[in-house]
Amino acid sequence: MTHELRAEDLSLGYGPQDVVSHLDVEIPDGKITVIVGANACGKSTLLRGLARLLAPRTGSVILDGKRVQDLRSVEVARVLGLLPQTPVAPDGITVADLVGRGRYPHQSWFRRWSAEDDAAVAAAMESTGTAELADRPLSALSGGQRQRVWVAMALAQDTDLVLLDEPTTYLDINHQVELLDLLTDLNRRHAKTIVLVLHDLNLACRYADHIIAMKAGAIIREGAPIDVIDAAVVTEVFGLPCEVLPDPVSRTPMIVPRGRHHVPVPESV
Amino acid sequence: MATPTLVQDTDVEHAVGTIQRGRVVRKGRVLGVTTALALLAFALFVATMMVGSFPVTPWEVIASTFRLGSDPSVDFVVRDLRLPVATTALAVGLAMGVSGLVFQKLLANPLASPDFVGISSGAGLAAVGSIILLNVSAMFVSVAALGGALVAALLIYLLAWRDGITGYRFILIGIGVSELMVALTGYLIARADIFEAREAMTWLVGSVGNAGPTQLRILLVALAVLLPLTLVLNRHLDVLELGDDAAKALGANVERMRLVLLAVAVVLVALATAAAGPLPFVALIAGPIAVRLIGANGSGLVAAAFVGALIVLVADLVAQHVVPVELPTGVVTGAIGAPYLIWLLATVNREGRGG
Ligand SMILES: Nc1ncnc2c1ncn2[C@@H]1O[C@H](COP(=O)(O)OP(=O)(O)OP(=O)(O)O)[C@@H](O)[C@H]1O
Ligand SMILES: [Mg+2]
């Protein structure tokens, strides 16, 4: 199933000023898109706008040819899921219960819990390695375990488009790579379109088919990482002098920052 | 639906089994606890009708209540004297229990019960106003209380609204509104004549013996409609609990569902308040007790209703028969609830949440 998700002339904001203004962006179908940018540049705001959590001030978000504002919320939620950056869990909730809540858009007042729901929840928990935690209260888990439970909830929603806001925060390096591998599996085997916000540029460059570099609410560059990420772009987006080398494993761009210390005086690289 | 990963199918099948079993176990626990609470509530319902200056056996109570036998003197004592009070206690408890838990879940805070955030005091102000200023019929006192609760709720909602509702702001503004309502009620009572003031004060302390037949009937009809409705809406309450962003991402119509759930809870607590006065603390403590009994196994709305009923029935029993002088029910629920509130505030602060 192919999908179209794009924004036209999209402005979003909270206070008097727009955070994102007059932005055009198209999420490539069936690809992994990674959004990178400095803190507070509007990444989460853009994701929230795309998932119609935030109403546009100008322009619109188009999902499969229709403006998302004109669609019913559950219709959108069966196609497009979003894991917010800082979701909140009710007191005392267990892992299985929380993941099960991801099935909400597939249920209705007459269609309650079904075998299909069980299967989706089980698959989501198994793939995120949270199945053994099923009966534990969320509050009794480590930060990384919790993060994986939230990802499981987003996967249980079983949408063709999955938007994840910083899903690797709190995860150790092994679990970061595992999660990104899992998302790549989902993308390749089930043609899911994935949009991620990541702060690790090296992993972003490695896993992204399409990378979007944002600064102050605008898109600076976008495209395949190998084509668009170079030292000048990273310096412009993050204000950080750096070197960009080919990643020895994947040959994708690898960013090596230049700080003020630990840099041999005469020259480097 | 495809299995969305690389993991082995056998693993997933195993996990499906675990999840199904877990769900059955949790459901069983909820059902067990709820049934036990319901039976206990029924037993107390019968018990409150047994005691008094004319003792009656449980069988006589049941026979008379359900019109299975006819013994004129028993029928008079049970059906005419004690049944209305017991039914009021039961109904008011059910309504306050559910309403309190809906508020607490919706606003993600154990302090967010309607008697704490000014809904009950809104109902109280309107009821006292109608008693003192208008001298109206019991039927109208119910309508006034409902109106007062709705106005208070709306006022809090509008004042607390800022791109959405957060529990903390709702509670603080609710407490402010509550103070305003209480002050206005005090003003009304101060300028009333002594007889009306006494009537208003009695109403304000709250007693299940106060309810008129009309108020009780309205409350029963509302319960019959709104309790099942709350259960239907519980699915939405479950996702609203995850916060606005996650709930919207899951496709919930957040604003509408929150308004509907708040409205249901407000109507329930308003009608209960109209019937028995603002019995303090019932709505505040019923939900947390139910949740503690049920654990993380389910939503506990029905259990909260029965815990509410149990609290009011026990309070009524104590108020009428255990203490040497007969007291209004509200004095007893206050005496049970106040220590709980202190404990709650102490533990909430220790855990660093509470807003
Ligand atoms: N709920 C809100 N109310 C008001 N302002 C907000 C809100 N959320 C974000 N902002 C502001 O909007 C701007 C963009 O925030 P956003 O969350 O989109 O940043 P981000 O790129 O996701 O940053 P980070 O990497 O830190 O997550 C920031 O200046 C922030 O202060
Ligand atoms: Mg962010």
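Convention: sequence-line order gives letters A, B, ...; per-chain numbering from 1. Keep in mind it's a predicted model, so treat the numbers as computed, not measured.
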Contacting region of A:P84 [heavy-atom separation from chain B under 4.5 Å] | side chain

Chain B contacts, top residue of A:G102, A:A51, A:S108 (heavy-atom pairs, under 4.5 Å) | A:S108

Against chain B, work out which of A:A122, A:A154, A:A77 has the most heavy-atom pairs shorter than 4.5 Å and name it.
-> A:A122

Straight-line distance of B:I19 CD1 to A:D118 CG, nearest 0.5 Å | 6.5 Å

Tell me, for B:A252 versus chain A, whether the close heavy atoms (under 4.5 Å) come from the side chain, the backbone, both or neither.
-> both

Do B:L242 and A:P90 have side chains that get closer than 4.5 Å, going by heavy atoms?
-> yes

Counting only heavy atoms not in A:Y170, do more than 12 sit closer than 6.0 Å to its OH atom?
-> no

Result of checking A:L54, A:L83, A:L53, A:L47 against B:D245 for side chain to side chain contact (heavy atoms under 4.5 Å, CB included) = A:L53

Write down the atom of A:A119, the atom of B:V16, and the distance for their closest heavy-atom approach.
-> CA-CG2, 3.9 Å

Is there a donor-acceptor pair closer than 3.5 Å between any side-chain N or O of A:R52 and the backbone N or O of B:K248?
-> yes

Is the number of heavy atoms from other residues, nucleotides or ligands within 6.0 Å of CG (B:L158) greater than 12?
-> yes

For the pair A:Q107 (side chain) and B:R235 (backbone), establish whether a donor and an acceptor sit closer than 3.5 Å, ignoring hydrogens and angles.
-> no

A:R48 versus chain B, heavy atoms under 4.5 Å apart: side chain, backbone, both or neither?
-> side chain

Could you look at A:V88 and say if it's the side chain, the backbone, both or neither that has a heavy atom under 4.5 Å from chain B?
-> both

Can you name the nearest heavy-atom pair linking B:D238 to A:R101, along with the distance?
-> O-NH1, 2.8 Å

Answer yes or no: is there a side-chain heavy-atom contact under 4.5 Å between B:L250 and A:R103?
-> no

Is the closest side-chain heavy-atom distance between B:E241 and A:I93 below 4.5 Å?
-> no

So, B:R26 and A:D135, do they make that salt bridge, N to O below 4.0 Å?
-> yes

How far apart are the closest heavy atoms of B:G251 and A:S73, and which atoms are they?
-> O-CB, 3.2 Å

Nearest heavy-atom neighbours spanning B:A15 and A:E126 | CB-OE1, 3.3 Å

